[in-house]
Amino acid sequence: MGIKIEEKKKEKRKLPPLPHARKGEVVTRFPPEPNGYLHIGHAKAAFIDYEYACMYNGIFILRFDDTNPVTERKEFYNAQKEDLKWLGIDWDKEYRTSDNLPKHYELAKKLLDEGNAYICTCSEEEISRNRKEMRACNCREKSLLSWNDFIRMKEGEAVVRLKGNMTSQNTAMRDPVLFRIIEYPHPIHGTRFRVWPTYDFYGAVEDSLSGVTHPFRSKEYELRDEVYFYLLDCLELRKPYLMEFSRLDIRGMPVSKRKIKPLIEKGIVSGWDDPRLPTLRGLRRRGILPEAIREFVLSQGVSKAESIVAFENIEAVNRKILDARAKRYFFVPQPIELHVEKAIEGEIELKYHPSEDMGKRKVRVGNTFYIPKEDALKLKEGDVIRLKDLYNVKIKGMDRKIFGEFAGEKLIEGIDKIQWVSEEYIPMKVMIPSLLYKNGEFNEESLRIVEGFAEKNVLETKHGEIVQFERFGFVRIEKNREIVAIFTHK
RNA sequence: GCUCCCGUAGUGUAGCCCGGCCAAUCAUUUCGGCCUUUCGAGCCGAAGACUCGGGUUCAAAUCCCGACGGGAGCACCA
């Protein structure tokens, strides 16, 4: 019975079954645009795609939707791949949408030839106005321009539009733009292409051609479903089973690139990896584990219901995973000196973990210690405290420092056990990130710094290692010019 | 404004398609207790929800209509 419960607990989180899915025949895809760093919202999409492919022994494709040369940047192709790998996501195939442009052009000609699309020379404003007024422009029926004319035109002079339905209730169907001209070098193809497809075109076409059976996208595309299927009908292409899910929203934390970018530009946060940010790099610096992100993100499910989650939910998942793995060290915030008479001097051993076998560390102790100010302030003469894992100390008096006396090694029940450092300490700063916004307003205290002394053994940690400072919280160690810790959570 | 989507405890989520076994799942949170040489983890217990109003039905969280609330779209951006 006990075993059964344990098995159940360890069982990995699962997604609900996929409609119309058969083992071995599911193909999913994650299609980021290489124009920025991935954030937790991307992680949700990527995990849903990836997990479903795994669940059905299917194929998972990584596709770079790099069809807007103005915004794509070369460095992000790799940065995004690194972030996905960090999450523990592997893909079976990888390609760029931009590599398929010749195929897209072929299909565009087909649409034009068969009267399902037309070349429109109206201005953006005219197009917008006509859409609002549900009116077709002259280009729609009377244009004599061909694909070959189009590709010789200048940026802004003309676009290819789908012949949808200008009187549709769904504004997305009112002749959406399928191709536009952009005179701007592409990070991969340089000036090889000038005509670029829009999302409505390549999204549907690529899903269909690459064999994707279950494409997922976030809810804001819902209105475009009709375009998606109509286009594929015109092109006589296979129609995948399209599904939508709600975007991830975290209270007090801007998730979208749109909201994060200005914060960086204004210097409100230090960069894309600022630990206050829900970018994958920010979360990583903060000590959030990829397993926790997966667990959290999948717990949100694939529903269309909008929600604003609290960051505590991520922390809770993370804490449980971390607790079993993180080594323990002593860190004393705002240290106050404690002088102990009749102290036992020498070298002692402390366990790295209370229950897991991780070995021991050595600490030299003399008669001088430091304990946290917060604990020191509570002390009165005559109190007996315990230096955790060491011995008891009776408080004799205090002025600037505290004076105490050795009071036995035997554990006394019910007294405070306080973490400490001996004279073998290193000064250390802990950065404490918290929510960027509170009640809708910028939180001036979103990044606090606490100074203190850590036991010297912290020097042995690796850059990026996550440890627990006992009674203080989990932190991730960064070793650059100096050694600092970033607070993860309690 | 118009159109579409969504609405289960403080938070998130299962259930809704195929009405009854739902006096509604799980997690988080909060509060008790146990355990523990950490303010962490673990264990036990408690608190707490079907937005509202109508209708259909023997029976509605589940189906229908309406209201209200939230979100999205109305880009040559995805």
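Here is the naming used below: chain letters follow the sequence lines, and residue numbers restart at 1 for every chain.
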**OP:** Sort out for me which residue in A:K327, A:K388, A:K351 forms a salt bridge (Lys or Arg N to Asp or Glu O under 4.0 Å) with A:E470.
**Re:**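 The residue from A:K327, A:K388, A:K351 that satisfies salt bridge (Lys or Arg N to Asp or Glu O under 4.0 Å) with A:E470 turns out to be A:K388.
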
Within the structure shown, what part of the strands sits under 4.0 Å from [X] by heavy-atom distance: base, sugar-phosphate, or nothing?
{"X": "A:T67", "result": "sugar-phosphate"}
{"X": "A:K304", "result": "sugar-phosphate"}
{"X": "A:D375", "result": "base"}
{"X": "A:Y202", "result": "sugar-phosphate"}
{"X": "A:I182", "result": "nothing"}
{"X": "A:P354", "result": "base"}

**OP:** Please determine if a side-chain N or O atom of A:S307 lies less than 4.0 Å away from the OP1 or OP2 oxygen of B:U13.
**Re:**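 It does, given that an N or O in the side chain of A:S307 lies less than 4.0 Å from OP1 or OP2 of B:U13.
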
Subject >> Under 3.5 Å donor-acceptor, A:K44 side chain and A:S246 backbone >> reply: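 Such a contact is found between A:K44 side chain and A:S246 backbone.
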
Original post:
Does A:K438 use its side chain to pair, donor to acceptor, with the backbone of A:N443 at less than 3.5 Å?
Top reply: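 Absent.
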
Original post:
Can you give one letter per nucleotide of nucleotides 69-76 of chain B, going 5' to 3': B for a protein heavy atom under 4.0 Å from the base, S for sugar-phosphate only, - for none?
Top reply: -BSSSSSB

Subject >> Single hit among A:K410, A:K417, A:R386 for side-chain hydrogen bond (donor to acceptor under 3.5 Å, both in side chains) with A:N392 >> reply: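 Exactly one pass, corresponding to A:R386.
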
Original post:
Between A:N100 and A:T97, does any side-chain donor sit less than 3.5 Å from a side-chain acceptor?
Top reply: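 Short answer, no.
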
Answer yes if the ring centres of [X] and [Y] are under 6.0 angstrom apart, and no otherwise.
{"X": "A:F179", "Y": "A:F150", "result": "no"}
{"X": "A:Y199", "Y": "A:Y221", "result": "yes"}
{"X": "A:F487", "Y": "A:F472", "result": "yes"}

Nearest whole angstrom, please: distance from the [atom2] of [N] to the [atom1] of [X].
{"X": "A:N313", "N": "B:U30", "atom1": "CG", "atom2": "P", "value": "11 Å"}
{"X": "A:N68", "N": "B:A78", "atom1": "CG", "atom2": "P", "value": "5 Å"}
{"X": "A:L390", "N": "B:U37", "atom1": "CG", "atom2": "P", "value": "16 Å"}
{"X": "A:R319", "N": "B:U38", "atom1": "CZ", "atom2": "C1'", "value": "13 Å"}
{"X": "A:E72", "N": "B:A78", "atom1": "CD", "atom2": "C1'", "value": "9 Å"}
{"X": "A:L322", "N": "B:G42", "atom1": "CG", "atom2": "P", "value": "12 Å"}
{"X": "A:I308", "N": "B:C6", "atom1": "CD1", "atom2": "P", "value": "18 Å"}

Subject >> Options B:A78, B:A14, B:U38, nucleotide nearest the side-chain atoms of A:E33 >> reply: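 That would be B:A78.
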
Original post:
Out of B:U37, B:G40, B:U13, which nucleotide sits closest to the side chain of A:K417?
Top reply: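 That would be B:U37.
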
Original post:
Is A:R328 side chain donor-acceptor paired with the B:U38 base, going by distance under 3.5 Å alone?
Top reply: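 Pair found.
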
Which protein N or O atoms sit under 3.5 Å from an N or O of nucleotides 60-62 of chain B?
none

Original post:
With side chains defined as the heavy atoms from C-beta onward, is the minimum distance between A:T121 and A:E157 less than 4.5 Å?
Top reply: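 Not in contact.
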
Original post:
Is any side-chain N of the basic residue among A:R194 and A:E183 closer than 4.0 Å to the acidic one's carboxylate O?
Top reply: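 The answer is yes: the pair qualifies as a salt bridge.
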
